[in-house]
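Take a look at the structure set out below.
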Amino acid sequence: MAALLSAAISRVHMLSTSDHASVVSINLFVALLCACIVIGHLLEESRWINESITALLIGLCTGVIILLTTGMKSSHLMVFSEDLFFIYLLPPIIFNAGFQVKKKQFFRNFITIMSFGAIGTLVSCAIITLGVTQMFKRLDVGPLDIGDYLAIGAIFAATDSVCTLQVLNQDETPLLYSLVFGEGVVNDATSVVLFNAIQSFDITHMDHRIALQFIGNFFYLFVSSTMLGVLTGLLSAYIIKKLYFGRHSTDREVALMMLMAYLSYMLAELFYLSGILTVFFCGIVMSHYTWHNVTESSRITTKHTFATLSFVAEIFIFVYVGMDALDIEKWRFVSNSPGTSVAVSSVLLVLVLAGRAAFVFPLSFLSNLAKKTQNEKISFRQQVIIWWAGLMRGAVSMALAYNKFTSLGHTHLRGNAIMITSTITVVLFSTVVFGLMTKPLIRLLLPHPKHRTSMVFSDHTNNSSMFSDSSTPKSITVPLLGAPQGSDGDLPNHEVVRPGSLRALLTTPTHTVHYYWRKFDDAIMRPVFGGRGFVPYVPGSPTEQIVHDDES
């Protein structure tokens, strides 16, 4: 009896010690996040650094300190977990990206964005896969099969949209921002869907039937994920419009929007779909319908809440990755052959550069062929920035690599350890070096962003109902926004001159897909699901005193 009691007391003491250690770790991590926010604020005007790089460097420095204080045993407060990343940290970032996006600019370039994000990712994955298949056999990385090589291609085809968005400004470079931002979200979704498809299929026995099934499954995931996000967003809009929660409690409106957004992501995970695509399109639909159905206080609260959650999650990820980059367990495996690890990392960096160039410039050329005016085309300088800004690799690549080459964050195979350390090296190098050079590159190639911003402000001042910007061609703006009552602008009707020649036909303003969508939206969607100008005023319901600039 005494022995049992002693064992129970000892176990309770161990549990309490473990709980105390967790509390200490959480305290240190929260303190690091606060430090990142303060230092990031002080460096806000820097032309070289951004908060992602700041958080990464702080994580690295903290990892070095922990490594020294623990006698080279550990470098992190927590073990990197792809579940923590995909379930808790990524959803608020992607949702806020969809919620805050300027939809008009995004959908105007929708075809280009989808070609960059989907076709471009497949091209990049193919080039990286072919490259590592040829080079890794010579470098004696380890026993890797075709499925492993394809998984490596998907891992390093995933760009870091979080870091990329921090070096581009939505108001100064609206076209670039919409292209790089949209491509980043679609790219991440494509990479994750592709990675999961590779994991679920037996690639070693590939035949035409399995190949067709693989392609069909890929497109099914894309379409289903998008539709699930749209339907969830519409459901939230309909519920809030019909029930007017704000008459009794704005807290309920805010809570419902947050929970419905997260529900869309978890439903996608439940049905083995792409949560990234689902929550992104849920954010777009919520900003278009649901946000206009809530009270004004709820609008302000939700906008800042979603932005704050996204901001904290971004900092958390980079501090997390920075500390885990010095995980001594994985580096010990490659300590006997550091040359191999350096060679693998170098090969991967070169393939990342080549894989991105292989689709950015050709797809931009094809996109320009379909454009009617010079203002709509992507210039060579803009193509260089798009290529460079998408070279950064981040937490998505880390999470996929850990999923493939570790078990619960640990690995005991030399080949797997080399792949993890090489992924860490590529992430650190691309984020710090490419990230540091992006702002100066933009200033060098596009030297007048302030002038462009002043033009945008002038456009808003001269025609406040017309949400235009400097990248919006006038030939498209007039018919696009010259819609009747219920659209964003109340512009006078303009007669379009009938073309008298082929040249005139090619340069004549035409109704875009956006024009027909707005007619359908005003006639059918907004009367049912609400939105700006389509919600009847009752006490506690939203009014139209705040103009939401996300439509622009």
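Please read all numbers here as calculations on a predicted model, not as lab measurements.
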* Asked: Heavy atoms, side chains only, cut-off 4.5 Å: are Leu194 and Cys125 in contact?
  -> yes

* Give a yes or no answer on whether the side chain of Arg356 reaches the backbone of Ile386 with a donor-acceptor pair at less than 3.5 Å. => yes

* Structure fact -> dist Thr290:OG1 -> Met260:CE (nearest 0.5 Å) comes out at 8.0 Å

* To do: Report the C-alpha distance between Phe405 and Ile155 in whole Å, list the side-chain angles of each, state the deciding distance to 0.1 Å, and finish with yes or no for side-chain contact (heavy atoms from CB on, under 4.5 Å).
  => CA-CA 11 Å; Phe405 297 108; Ile155 289 168; 4.0 Å; yes

* Asked: Is any side-chain heavy atom of Thr159 less than 4.5 Å from a side-chain heavy atom of Asp188?
  -> yes

* Structure fact -> Between Phe95 and Cys282 the two heavy atoms that sit nearest each other are CE1-C, 4.1 Å

* To do: Let me know which of Leu56, Leu89, Leu84, Val312 forms a side-chain contact (heavy atoms from CB on, under 4.5 Å) with Ile317.
  => Leu89

* Asked: For the side chain of Asn187 and the backbone of Ala157, is there at least one donor-acceptor N/O pair under 3.5 Å apart?
  -> yes

* Asked: Which heavy atom in Ile418 sits nearest to a heavy atom in Thr340, and how many Å separate them?
  -> CD1-CG2, 4.0 Å

* Any side-chain heavy atom of Leu428 within less than 4.5 Å of one from Leu60? -> yes

* Asked: What is the minimum heavy-atom distance between Thr421 and Ser341, and which atoms define it?
  -> OG1-OG, 3.6 Å

* Asked: Roughly how far apart are Ser364 OG and Leu179 CG, rounded to 0.5 Å?
  -> 8.0 Å

* **Flag, side chain of Thr133 to backbone of Thr129, donor-acceptor distance under 3.5 Å** => yes

* Asked: Do Phe85 and Val396 have side chains that get closer than 4.5 Å, going by heavy atoms?
  -> yes

* Asked: Do the side chain of Ser115 and the main chain of Thr112 share a donor and acceptor less than 3.5 angstrom apart?
  -> yes

* Using a 4.5 Å cut-off on heavy atoms from C-beta on, say whether the side chain of Val321 contacts that of Thr431. => no

* Asked: Any side-chain heavy atom of Glu269 within less than 4.5 Å of one from Thr278?
  -> no

* Main-chain N/O of Gly120 paired with Ser124 side-chain donor or acceptor, under 3.5 Å -> no

* Asked: Among side-chain atoms of Lys377 and Gln382, is any donor-acceptor pair under 3.5 angstrom?
  -> no

* Can Ser346 and Val350 be said to form a side-chain contact (heavy atoms from CB on, under 4.5 Å), step by step? -> CA-CA 6 Å; Ser346 302; Val350 171; 5.5 Å; no

* Structure fact -> Heavy-atom nearest pair, Val352 first then Phe156, reads CG2-O, 3.9 Å

* **Minimum heavy-atom distance between Thr232 and Leu228, given as atom pair plus value** => OG1-O, 2.7 Å

* To do: Kindly compute the distance separating OH (Tyr262) from CD1 (Ile87), expressed to the nearest 0.5 Å.
  => 6.0 Å

* Rounded to the nearest 0.5 Å, how far apart are CG of Asp145 and CG of Asp148? -> 4.0 Å

* Asked: Rounded to the nearest 0.5 Å, what separation is found between the CZ atom of Phe359 and the CD atom of Glu183?
  -> 4.5 Å

* Is there a side-chain contact between Asn403 and Phe195, using heavy atoms and a 4.5 Å cut-off? -> yes

* **Side-chain donor-acceptor pair present, Tyr272, Asn217, cut-off under 3.5 Å** => no

* **Verdict with supporting geometry, Phe86 and Val192, side-chain contact (heavy atoms from CB on, under 4.5 Å)** => CA-CA 10 Å; Phe86 279 111; Val192 174; 4.1 Å; yes

* Structure fact -> Heavy-atom nearest pair, Thr425 first then Ser345, reads CB-OG, 3.6 Å

* To do: Measure from the side-chain N and O atoms of Trp388 to the backbone N and O of Phe434, and report whether any donor-acceptor pair falls under 3.5 Å.
  => yes

* Structure fact -> One should read off an interatomic distance between Leu273 CG and Met227 CE, to the nearest 0.5 angstrom, of 12.0 Å

* To do: Look at atom CG of Leu366 and say whether more than 12 heavy atoms of other residues, nucleotides or ligands are closer to it than 6.0 Å.
  => yes

* To do: Using atom types as modelled and distance alone, determine if a side-chain donor or acceptor of Arg381 lies under 3.5 Å from a backbone N or O of Ile378.
  => no

* Candidate pair Lys404 and Met419, rule side-chain contact (heavy atoms from CB on, under 4.5 Å), full reasoning -> CA-CA 10 Å; Lys404 178 65 180 178; Met419 288 312 307; over 6 Å; no

* Spell out, as yes or no, whether a donor-acceptor pair under 3.5 Å connects the side chain of Ser225 to the backbone of Phe222. => no

* Asked: Is there a side-chain contact between Leu445 and Phe380, using heavy atoms and a 4.5 Å cut-off?
  -> no

